Amino acid sequence: MSFSSEVKQNLSKMTNLANKESVKYELIGYLISNNTTYKNGKIMYKTENEYNINRFSKLLSNINIINQEIQIKGNNYIITTSKIEKINEINYNNEDIEYIENIQKEELQKCIIRGVFLGSGSVSNPESKYHLEMILSTKFNAEKIIQILSNHTIGAKILERKNGYGIYIKDGEEISKLLALIGANSSVLKFEQIRVLRDMKNNINRKVNCETANLNKTVNAAVKQIEAIKKLQKTGEFDKLSESLKEIAKIRIENPHASLVELGQMLKNPIGKSGVNHRLNKIIEIVKNIC
């Protein structure tokens, strides 16, 4: 089962159907999703997810809408019912259903977001990427939902799709906040566990990559230094170096894998990393002037 299906299964088991107002607003979320169409006085909701269709049917039955027909066509579950006259908060605009009021109660805001997610939402497995999307039938509906999310400090964006207007989130923390908002508590715990492990893994990889890059840089510098010293030895210029440069050159040749700090500690009069680096760079400059 996909992570998205797990979330919907989690939500479909919520036992809050006793509150008629909550039921109505969750149902509104379904109705304004792009998976719901309205034509010739009939509402049709289509989905591939059995949890979605079962929850939608329960919501209809809970507000005494019993004239509903469920069919299975291919991979799709389709539920059809008549125009719902008793919900005054929606407007049947030609073939679109639009949510026309502003919800003040926080609990009802959660319900409509839950309905939209169940109706047309999806969330990727956080092990691979962070992406949550809900598709609304009209831009008007999408902007209404964006405003509700904004009220709960959840950042989301709208993107026009061929089949409607997508509200999407690509930030792990924001997705977690939305899942918590709509009541997918067990899914939030799993999402956060995966997110923590993924972030730890990414941090470790970044550290390893950084250390590898630094090691490569150190090795390349050492090779360059040793080549310069050997050129001076071949050309007879080595004996013309100052005693301090001769000393560091000999130690570098004898210890090709040592760090600058280690080389500095090997000197008769130890010096720091910057001092060693200065002397070796001076040798390289001498070689450039000679060659």
Side-chain angles (χ1 to χ4, degrees), residues 4-5 7-9 11-12 17 20-103 108-123 132-149 156-168 182:
S4 194
S5 291
V7 175
K8 292 185 176 183
Q9 182 183 33
L11 292 173
S12 70
L17 299 180
K20 301 296 182 184
E21 197 172 25
S22 294
V23 168
K24 181 175 70 174
Y25 277 89
E26 187 175 322
L27 182 58
I28 289 173
Y30 270 96
L31 294 174
I32 63 176
S33 74
N34 76 313
N35 285 332
T36 302
T37 56
Y38 173 69
K39 192 173 183 179
N40 299 326
K42 294 286 185 180
I43 293 171
M44 184 175 72
Y45 173 70
K46 180 173 65 175
T47 179
E48 293 184 0
N49 191 298
E50 61 179 303
Y51 304 111
N52 290 356
I53 207 73
N54 290 337
R55 183 74 175 182
F56 187 70
S57 180
K58 286 180 181 179
L59 296 174
L60 290 173
S61 299
N62 197 266
I63 57 173
N64 299 318
I65 298 176
I66 57 175
N67 60 330
Q68 47 180 289
E69 178 186 1
I70 299 178
Q71 299 174 297
I72 300 176
K73 291 185 178 181
N75 295 326
N76 291 312
Y77 298 90
I78 302 171
I79 187 167
T80 305
T81 188
S82 300
K83 177 180 178 180
I84 306 173
E85 301 287 356
K86 60 179 68 179
I87 300 182
N88 298 320
E89 292 81 6
I90 58 174
N91 179 44
Y92 295 91
N93 182 18
N94 295 322
E95 294 186 0
D96 293 319
I97 302 174
E98 293 186 330
Y99 168 67
I100 57 176
E101 73 160 19
N102 294 317
I103 313 174
L108 299 182
Q109 292 178 351
K110 295 178 182 180
C111 291
I112 196 169
I113 299 298
R114 184 188 308 125
V116 171
F117 179 81
L118 282 167
S120 64
S122 63
V123 57
L132 182 147
E133 186 164 357
M134 302 179 288
I135 304 180
L136 286 298
S137 57
T138 68
K139 186 177 182 181
F140 181 85
N141 288 332
E143 289 174 343
K144 285 280 189 178
I145 297 303
I146 282 284
Q147 183 56 55
I148 294 174
L149 293 177
K157 295 182 180 180
I158 298 177
L159 181 66
E160 186 173 1
R161 299 289 195 192
K162 290 182 180 180
N163 56 344
Y165 289 83
I167 292 177
Y168 69 94
I182 62 179

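Everything numeric here is computed off the predicted structure, so don't read it as measured data. Residue numbers run from 1 in the order of the sequence given.
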Any idea which heavy atoms bring [X] and [Y] closest together, and the distance?
X: I63; Y: I87; answer: CD1-CD1, 4.3 Å
X: I32; Y: I97; answer: CG2-O, 3.8 Å
X: Q109; Y: I103; answer: NE2-O, 3.0 Å
X: G121; Y: S4; answer: O-OG, 4.2 Å
X: S5; Y: N49; answer: OG-ND2, 3.6 Å
X: N34; Y: S120; answer: OD1-CB, 3.2 Å

Strictly distance-based, threshold 3.5 Å: is any side-chain N or O of [X] a donor or acceptor partner for the main-chain N or O of [Y]?
X: N52; Y: L118; answer: yes
X: S61; Y: K58; answer: no
X: N91; Y: E98; answer: no
X: N54; Y: E50; answer: yes
X: R161; Y: G166; answer: no

With a 3.5 Å cut-off and no angle check, do the side chains of N67 and S82 form a donor-acceptor pair?
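A donor-acceptor contact under 3.5 Å links the two side chains.
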Say whether Q68 and S57, considering side chains only, have a donor N or O and an acceptor N or O under 3.5 Å apart.
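The answer is yes; a qualifying pair exists.
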Does K8 make a cation-pi contact with F117, if we ask for NZ or CZ under 6.0 Å from the ring centre and within 45° of the axis?
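Yes, a cation-pi geometry holds between K8 and F117.
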More than 12 non-hydrogen atoms from neighbouring residues, nucleotides or ligands closer than 6.0 Å to [atom1] on [X], yes or no?
X: K83; atom1: NZ; result: yes
X: N75; atom1: CG; result: no
X: K39; atom1: NZ; result: no
X: K86; atom1: NZ; result: yes

What's the spacing between [X] [atom1] and [Y] [atom2] if we round to 0.5 Å?
X: N88; Y: I90; atom1: CG; atom2: CD1; result: 9.0 Å
X: N102; Y: I148; atom1: CG; atom2: CD1; result: 8.5 Å
X: E85; Y: I65; atom1: CD; atom2: CD1; result: 10.0 Å
X: I167; Y: M134; atom1: CD1; atom2: CE; result: 5.0 Å
X: N35; Y: I79; atom1: CG; atom2: CD1; result: 13.0 Å
X: T138; Y: L136; atom1: OG1; atom2: CG; result: 7.0 Å

Side chains of [X] and [Y] in contact at under 4.5 Å (non-hydrogen atoms):
X: I182; Y: K110; answer: no
X: I84; Y: L27; answer: yes
X: I72; Y: I78; answer: no
X: L159; Y: Y165; answer: no
X: E69; Y: T81; answer: no
X: M44; Y: T36; answer: no

Any Lys/Arg nitrogen of E26 or R55 sitting under 4.0 Å from an Asp/Glu carboxylate oxygen of the other?
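Between R55 and E26 there is a salt bridge, with a charged N closer than 4.0 Å to a carboxylate O.
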In sequence, state the C-alpha distance, the side-chain angles, and the governing distance for K24 and E89, and then conclude on salt bridge (charged side-chain N to carboxylate O under 4.0 Å, His left out).
CA-CA 9 Å; K24 181 175 70 174; E89 292 81 6; 2.9 Å; yes
Give the ring-plane orientation class for Y45 versus Y30, where under 30° counts as parallel, over 60° as perpendicular and anything between as tilted.
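Answer is perpendicular, since the angle exceeds 60°.
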Ring geometry between Y99 and Y25 (parallel below 30°, tilted from 30 to 60°, perpendicular above 60°)
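Ring orientation of Y25 relative to Y99: perpendicular.
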Any chance you could lay out the side-chain contact (heavy atoms from CB on, under 4.5 Å) test for K46 and Y77, step after step, and finish with the verdict?
CA-CA 6 Å; K46 180 173 65 175; Y77 298 90; over 6 Å; no
